[in-house]
2 protein chains.
Amino acid sequence: MTDIRDTKKQILDLAESLLLDRGYNGFSYKDIAAALGIKTASIHYHYPRKTDLGVSIIERAIRRFEKWGLSLEHRNLDSSRKLDEFCSLFKSFASRQQVCLGGSLQTDFKTLPEEMQQKSCEFASVLLQWLEVLLRDGRNTGAFRFPGEARDEAVLIISSLQGSIQMDRVTSRSSFRSAVRQITLSVSP
Amino acid sequence: MTDIRDTKKQILDLAESLLLDRGYNGFSYKDIAAALGIKTASIHYHYPRKTDLGVSIIERAIRRFEKWGLSLEHRNLDSSRKLDEFCSLFKSFASRQQVCLGGSLQTDFKTLPEEMQQKSCEFASVLLQWLEVLLRDGRNTGAFRFPGEARDEAVLIISSLQGSIQMDRVTSRSSFRSAVRQITLSVSP
DNA sequence: GTCTATAGCGGGATAGAC
DNA sequence: GTCTATCCCGCTATAGAC
């Protein structure tokens, strides 16, 4: 134990957590080093530039979401239950007073290195596409009822989850639950 | 012209714009100075600490929103039209690829000086309260139709506007329009 | 792989001349 | 009010010993 992969993974985990806490410009290699009891030079060995670290966070998040999607299929859940599970992904951020990855990246977007900007677009695209398909299929089978296009509804749901997690920080943690309640009501047949 | 008030106002205007572009940790006194053709020391004369500048931005935004609310009353608009105007406030950010003030502050929240954190809470509270009242009254008069509590619906609408403006940066500027379309549909009787 | 040491830059902030 | 000059700090990143 504590071999290469462990340290590298610990750095990535902590950097991700700091990114969701404080934004890309709000944490430093020094923060990570202090928390792990190592020196900043060691982090540069694993991730030469902060850009590399940022890109790795997003790439892993995309892979993780795709695996999560597959695991849902294996559990044979109905559409409504899948939407619940999707909301639960965001709930875990809210419980730590963190924002979601998309929200963090998009808010800092103009200050991000270009490699991270590209990955940020890809990340948002993957989530939107997944939810759009879920909503369209679910409406066809009668699991959901909503007006307009499935794409628009997917945007509405993700952006309200994203926004309400942020708002949670300034409203005694009540906003996220409000948004989920209202989302659930608005798509129920 | 170009008296005290002008320079001070120009600094505040530019700082606000930079805040919505790049976040609180993404701009510096140097950025402002360069854009205005002055030196950073001059900015410190008007706003001794960056904290003072940040607080002033939020305080002005609150006053501006309250004036805006009053101006709506004088125009004798119906509830549905008022909601349109509210969405238009966010549209002006989207058109510049900026995020809204609430989204910027809430995402950076944990890195903000305490005085700014308090003002951030106040700002969100003012907007939420205003929209909650509009929705409740509008439902009573038949202008709106939505399930659940007016407070929850207000959270849903503001958080989706906030989130979709952020998402606009990574989705070819299509997200904000999607969200507004869907919000309009979801509350129409 | 991790360390010490350091380079090099940019940040916020202040003193004092004009 | 605005300037020059400067301080001190924290940041990313690199070189080279161990």
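Every chain is numbered from 1 and lettered A, B, ... according to where its sequence line falls, protein lines coming before strand lines. The structure displayed is predicted, hence computed values, not measured ones.
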Presence of Ser28(B) side-chain N/O under 4.0 Å of dG10(C) phosphate oxygens OP1/OP2:
no

Interatomic distance where CG belongs to Leu53(A) and P belongs to dC11(D) [whole Å]
15 Å

In whole angstroms, how far is the C1' atom of dC9(D) from the OH atom of Tyr29(B)?
17 Å

I'd like to know if the side chain of Ser104(A) reaches the main chain of Cys100(A), judged simply by a donor and an acceptor atom lying under 3.5 Å from each other, with no hydrogens or angles considered.
no

Distance to the ring centre below 6.0 angstrom and angle to the axis at most 45 degrees; does that hold for Lys39(A) and Tyr45(A)?
no

What's Tyr47(A) touching, base or sugar-phosphate or nothing? Going by heavy atoms closer than 4.0 Å.
nothing

Using atom NZ of Lys50(B) as one end and atom P of dC9(D) as the other, report the distance to the nearest whole Å.
19 Å

d(NZ, Lys30(A); C1', dT6(C)) in whole Å
15 Å

Of the nucleotides dA15(D), dG12(C), dT2(D), which has the atom closest to the Ala41(A) side chain?
dA15(D)

Below the 4.0 Å mark, does dC3(D) have OP1 or OP2 next to a side-chain nitrogen or oxygen of Lys39(B)?
no

To the nearest angstrom, how far is Ile43(A) atom CD1 from dG10(D) atom P?
17 Å

Quick one: His44(A) NE2 to dA13(D) C1', roughly how many Å, whole number?
5 Å

Between C1' on dT14(D) and OH on Tyr45(A), what's the gap in Å once rounded to a whole number?
16 Å

Phosphate OP1/OP2 of dG1(C) contacted by Ser42(A) side-chain N/O (<4.0 Å)
no

Would you please say whether a donor-acceptor pair under 3.5 Å links the side chains of Gln162(B) and Gln162(A)?
no

Lys/Arg N to Asp/Glu carboxylate O, Arg136(B) vs Glu149(B), below 4.0 Å
no

Where the side chain of Thr184(B) meets the backbone of Val180(B), is there a donor-acceptor pair that is under 3.5 Å apart?
yes

Presence of Thr7(A) side-chain N/O under 4.0 Å of dT2(C) phosphate oxygens OP1/OP2:
yes

If I take atom NE2 in residue His46(A) and atom C1' in nucleotide dA13(D), what distance separates them, rounded to the nearest angstrom?
16 Å

